[in-house]
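The block underneath contains the structure these notes are about, expressed in structure tokens.
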Amino acid sequence: MPQERVTVLGLGAMGGVLAGSLLDAGHAVTVWNRTARRAEPLVHRGASGAATVRDAVTASPVVVACLFDHASVHDTLEPVVDGLAGRTLINLTTTTPSEARELAGWAKRHGIDYLDGAIMATPPMIGAREASILYSGSRDVFDRNQPILDGWATSTYDGDDPGIASLYDLALLSGMYQMFTGFLHGAAMVRSAGVSSAEFARRATPFLGAMTAAFAAQAEVLDAGDYSDPPQSLTWTATALDTIARASRESGADPAPITVIRKLVTDQIEAGHGDEDLDRIFEGLRTG
Ligand code: FVH
């Protein structure tokens, strides 16, 4: 692969690994971090340490930002926007979709080619095929830089709306956090009977893994918008949830995660959909 000049801004847990991966792939890497000492290990590995953000952004045609949040991207880049003009900015900082669109508009106004990225991986996964990074925004930037991007993870281009990669990212993370919370809630319940979390994990992993096979059938129901033929009705589900909540209280565990689902179910029953499928709560979620 031809050696590219790439600048990485932000050398936290993720940015540091991304920069190290570029070095390993033989690229000429310039690094900058607000707290300068975090650049030292990468400089020892062969990166050029930039003293200022301006030096960093003007060192390479491609600038990667992996900063804390949307505000820190602006804090870092606004003062050097003239130096970024005519270059490519690949922003891997987690933002909301509208923040990503705002950054893309800001970049366009200043003559900067912009690609937004959403990292679906933890730092140790970087470089493995199981790691995934979603991109949206400039197709041209994606195509031109794909050899660089593919060194980090499996790269997926999700379209020219700069916000769509971030939307997928945060939607998937919503599912992940709720799944983890469900596991923690179950582990808290069984702990009351002296069951270790390791034992609970041995039960939960195959069960919850098998449950994900239901997504495809659920998706068909959601896409058709027809909830009239349920395997279990919302009224039945309400009773099941109440039983789980009672068992949770009996075990001394806070039933809060179940209470949230029960509220969504109750809203649909009160709207007259008690005989319909659990998937009906999608309509309540969708419209807020
Ligand atoms: N770590 C992970 O597992 C996740 C995986 C999914 C994607 N995220 C996102 O990646 C962005 C960076 O995450 P990180 O893990 O590298 O985060 P930290 O280790 O906390 O490092 C944050 C860096 O941002 C710098 N920084 C913070 N505020 C500012 C600012 N106002 N101006 C300039 N730089 C700023 C910070 O610098 P310093 O504290 O060392 O001086 C770090 O370099 C993030 O969006 C995740 O959501 C990672």
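Any value given below was found using the heavy atoms of this structure, including those in side chains, with hydrogens, waters and symmetry copies removed. Whatever order the structure lists ligands and atoms in, that order sets their numbers, starting from 1.
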Check your understanding: Ion pair present between Arg246 and Glu250, side-chain N to carboxylate O less than 4.0 angstrom?
Key -> no
**Study point:** Under the side chain to side chain contact (heavy atoms under 4.5 Å, CB included) test, residues paired with Arg5 that sit two or more places apart
**Key:** Ala28, Ser60, Pro61
Practice item. Identify whether the distance between the nearest side-chain nitrogen and carboxylate oxygen of Asp75 and Arg34 falls below 4.0 Å. Key: no
Point to revise | Glu283 bridged to Arg280 by N-O distance under 4.0 Å | key: no
Practice item. State, without any angle test, whether Tyr227 and Gln268 hold a side-chain donor-acceptor pair at a distance under 3.5 Å. Key: no
**Study point:** NZ/NE/NH1/NH2 to OD/OE distance under 4.0 Å, Asp160 and Arg139
**Key:** no
Revision key, fill the gap. Within the heavy-atom cut-off of under 4.0 Å, ligand 1 is lined by Gly10, Leu11, Gly12, Ala13, Met14, Gly15, Asn33, Arg34, Thr35, Arg38, Cys66, Leu67, Phe68, Ser72, Asp75, Thr76, Thr93, Thr94, Ile119, Ala121, Thr122, Pro123
